[in-house]
Chemist: 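Dropping a structure here in structure tokens format, bear with me for questions.
Position 1 is the first residue of the sequence; numbering continues from there.
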Amino acid sequence: MGSADDDIAITPVDRAIERLRAIYRGWTRDTSVAQMRDDWDAAFAGCSVPVTRQPVAAGGVDGEWLVPTGASRDKVILYFHGGGFRIGSVASHRDLAARIADASGCRVLSINYRLAPEHRFPAALEDALTAYQYLRDQGRLHPADIAFAGDSAGGNLVLCTMLAARDRGLPLPAAAALMSPWTDLAASGASYQSRAAADPIHQRAMILALAKNYLGKNGDISNPLASPLYADLTRLPPLLVQVGDRETVRDDATELAARAKAAGVDVKLQVWDGMIHVFQMFPEIPQAREAIASLAAFLRNHLHIGHERAPQ
């Protein structure tokens with residue numbers, strides 16, 4: 001006769017959480033940043049969908065094209081990976097970016113922006129702006145043919161790149177999709193307390209440490225180009241914001257959506273019950289597949305990509 005524990009179903013979210021915890025358990029105070037980055041890349045290496053990969057120097061910023069079969073050359077999604085501005089890369093987020101490319105039928109340019117502490121704010125933002133300029137310098141691409149997407153710190157970069165471009169008088173992309181965006185480096189949202197027990201990894205002390213790592217000891221945590229929640233959000237293009245209800249970072253997304261809407265931005269907010277931070281990274285979670293399908297439909301609509309594709 002089985003034990004009571006045998007009757008408890010192990011869910012795909014549980015398995016994803018264990019994958020994350022296995023990485024963090026291997027790190028101590030003595031683990032170098034380089035080792036953390038290598039571990040993160042190794043844990044999420046691989047690509048589960050058939051796309052063509054091609055390295056590129058996007059205006060001097062290292063990157064990678066991910067091209068699904070039949071994708072048009074006159075539409076692009078510029079992707080910014082997450083990782084708290086400390087870890088993460090094209091390699092660690094290749095599968096997520098490729099699944100977005102496959103579901104949308106659109107080429108994705110994913111970039112390796114510079115990371116802290118070696119390169120603090122605004123290095124990552126400068127690299128993101130350089131990559132956007134690189135795309136606009138391509139003969140057949142116009143801003144209306146480009147969309148942005150990103151997760152966590154990459155969601156922060158999506159917003160800050162658009163804000164910086166707007167303030168410089170540059171044209172903005174057609175739309176932007178954000179997954180669990182980190183918008184408030186002060187971690188002031190109520191969800192940092194209310195979701196603390198439900199979130200398996202991201203506690204407020206960790207978030208504040210990452211913010212200090214990114215900004216430096218004397219950095220301004222309320223700078224709108226670092227914490228876009230505090231920015232003037234007017235004149236931004238349509239936004240899709242996805243977040244899991246178990247996240248401590250939940251209010252970074254919900255408050256952003258509320259402020260964007262108040263500023264007149266066309267914004268769609270999706271809060272996914274029972275989901276963790278950037279759950280879209282885990283293709284074994286059914287809701288991740290649903291979220292990417294929804295994200296892809298949003299981007300196809302605003303990029304005017306006519307044909308439908310189903311995510312694999």
Chemist: Using a strict threshold of under 4.0 Å (side-chain N to carboxylate O), is an ion pair present between Lys75 and Asp145?
Modeler: yes
Chemist: Determine whether a donor-acceptor pair (N or O, by modelled atom type, separation under 3.5 Å) exists between the side chain of Arg195 and the backbone of Asp245.
Modeler: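 Yes: the side chain of Arg195 pairs with the backbone of Asp245.
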Chemist: In the single-linkage hydrophobic clustering (I, L, V, M, F, W, Y; side-chain heavy atoms under 4.5 Å), do Ile221 and Tyr230 co-cluster?
Modeler: no
Chemist: Take Phe279 and Arg246, measure what side-chain contact (heavy atoms from CB on, under 4.5 Å) needs, and give me the verdict at the end.
Modeler: CA-CA 10 Å; Phe279 64 95; Arg246 288 181 61 173; over 6 Å; no
Chemist: Any non-hydrogen side-chain atom of Pro143 less than 4.5 Å from a side-chain atom of Tyr132?
Modeler: yes
Chemist: Should Val33 and Leu115 be regarded as members of a common hydrophobic cluster, given that ILVMFWY residues are connected when their side-chain heavy atoms come within less than 4.5 Å of each other, either directly or indirectly?
Modeler: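 Val33 does not cluster with Leu115.
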Chemist: For residues Met179 and Leu20: do they belong to one hydrophobic cluster (side chain heavy atoms under 4.5 Å, members Ile, Leu, Val, Met, Phe, Trp, Tyr)?
Modeler: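 Yes, one cluster joins them.
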Chemist: Between Pro173 and Leu78, is there a side-chain heavy-atom distance shorter than 4.5 Å?
Modeler: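 Heavy-atom side-chain distance check fails, nothing below 4.5 Å.
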Chemist: What do you reckon, is CZ of Arg168 surrounded by more than 12 foreign heavy atoms closer than 6.0 Å?
Modeler: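 Check fails, neighbour count at 12 or below.
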Chemist: Does any part of the side chain of Leu229, heavy atoms only, come nearer than 4.5 Å to the side chain of Arg259, both counted from C-beta?
Modeler: yes
Chemist: Any idea how Phe44 and Phe282 line up, ring-wise: parallel (<30°), tilted (30 to 60°), or perpendicular (>60°)?
Modeler: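 Taking Phe282 first and then Phe44, their aromatic rings stand perpendicular (interplane angle over 60°).
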Chemist: Do you know which two heavy atoms are closest between Pro228 and Asn156, and how far apart they sit?
Modeler: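 It is CD-ND2, 3.5 Å.
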Chemist: Kindly determine whether Val76 and Val108 satisfy side-chain contact (heavy atoms from CB on, under 4.5 Å), including the steps that lead there.
Modeler: CA-CA 6 Å; Val76 175; Val108 168; over 6 Å; no
Chemist: Hydrophobic cluster membership, with links at side-chain heavy-atom distances under 4.5 Å among I/L/V/M/F/W/Y: are Leu135 and Tyr79 in one?
Modeler: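 Yes, one cluster joins them.
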Chemist: Hydrophobic clustering (ILVMFWY, side-chain heavy atoms < 4.5 Å, transitive) - are Leu66 and Val90 grouped together?
Modeler: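 No; tracing contacts between hydrophobic side chains, which count when under 4.5 Å, never links both residues.
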Chemist: How many angstroms lie between CG in Leu163 and CG in Leu236, if you round to the nearest 0.5 Å?
Modeler: 5.0 Å
Chemist: How far apart are the closest heavy atoms of Leu185 and Ala226, and which atoms are they?
Modeler: CD1-O, 3.1 Å
Chemist: Could Asp127 and Arg114 be called an ion pair, given the rule that one side-chain N must be under 4.0 Å from one carboxylate O?
Modeler: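 Salt bridge: yes.
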Chemist: Where is the tightest heavy-atom contact between Arg250 and Ser191, given as atom of each residue plus distance?
Modeler: N-OG, 3.6 Å
Chemist: Minimum heavy-atom separation for Thr234 and Ala263, please, with both atom names.
Modeler: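 Shortest heavy-atom separation between Thr234 and Ala263 comes out as CG2-O, 3.7 Å.
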Chemist: Can the ring centres of Phe121 and Phe85 be said to be less than 6.0 Å apart?
Modeler: no
Chemist: Between Met281 and His93, is any pair of side-chain heavy atoms under 4.5 Å apart?
Modeler: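 In contact.
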Chemist: Under 3.5 Å, is there a donor-acceptor pair between the Asp95 and Ser48 side chains?
Modeler: yes
Chemist: For residues Ile17 and Pro200, report the shortest heavy-atom separation together with the two atoms involved.
Modeler: CG2-CB, 3.6 Å
Chemist: Mind checking the CG-CG spacing from Leu256 to Leu233? Nearest 0.5 Å is all I need.
Modeler: 6.0 Å
Chemist: Does any non-hydrogen side-chain atom of Leu303 lie less than 4.5 Å from one of Cys106?
Modeler: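 They are in contact (side-chain heavy atoms under 4.5 Å apart), so the answer is yes.
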Chemist: Run the salt-bridge test on Arg37 and Asp41 with the 4.0 Å N-O cut-off and return the result as yes or no.
Modeler: no
Chemist: Between the side chains of His277 and Ser152, is a donor N or O closer than 3.5 angstrom to an acceptor N or O?
Modeler: yes
Chemist: Tell me whether the count of non-hydrogen atoms from other residues, nucleotides or ligands lying under 6.0 Å of CD in Gln193 goes above 12.
Modeler: no
Chemist: Do Gln280 and Leu96 have side chains that approach each other closer than 4.5 Å (heavy atoms only, starting at C-beta)?
Modeler: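 Of all side-chain heavy-atom pairs linking Leu96 with Gln280, at least one is under 4.5 Å.
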Chemist: Take a 6.0 Å sphere around CZ of Arg19 and say whether it holds more than 12 heavy atoms from other residues, nucleotides or ligands.
Modeler: yes
Chemist: Do the rings of Phe80 and Tyr113 sit parallel, tilted or perpendicular, given the 30° and 60° boundaries?
Modeler: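 The arrangement is perpendicular - the two ring planes meet at more than 60°.
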Chemist: If you round to the nearest 0.5 Å, how far is CD1 of Ile207 from CH2 of Trp182?
Modeler: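 With rounding to 0.5 Å, CH2 (Trp182) is 6.0 Å from CD1 (Ile207).
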Chemist: So Thr28 and Asp30, side chain to side chain donor-acceptor pair (under 3.5 Å) or not? Walk me through it.
Modeler: CA-CA 5 Å; Thr28 69; Asp30 297 325; 4.5 Å; no
Chemist: Between Gly84 and Leu210, what is the shortest heavy-atom contact and its length?
Modeler: O-CD2, 4.0 Å
Chemist: Distance only, no hydrogens: is a donor on one side chain within 3.5 Å (strictly under) of an acceptor on the other, for Tyr192 and Asp252?
Modeler: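 Short answer, yes.
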Chemist: Between Glu284 and Arg15, is there a side-chain N and carboxylate O pair less than 4.0 Å apart?
Modeler: no
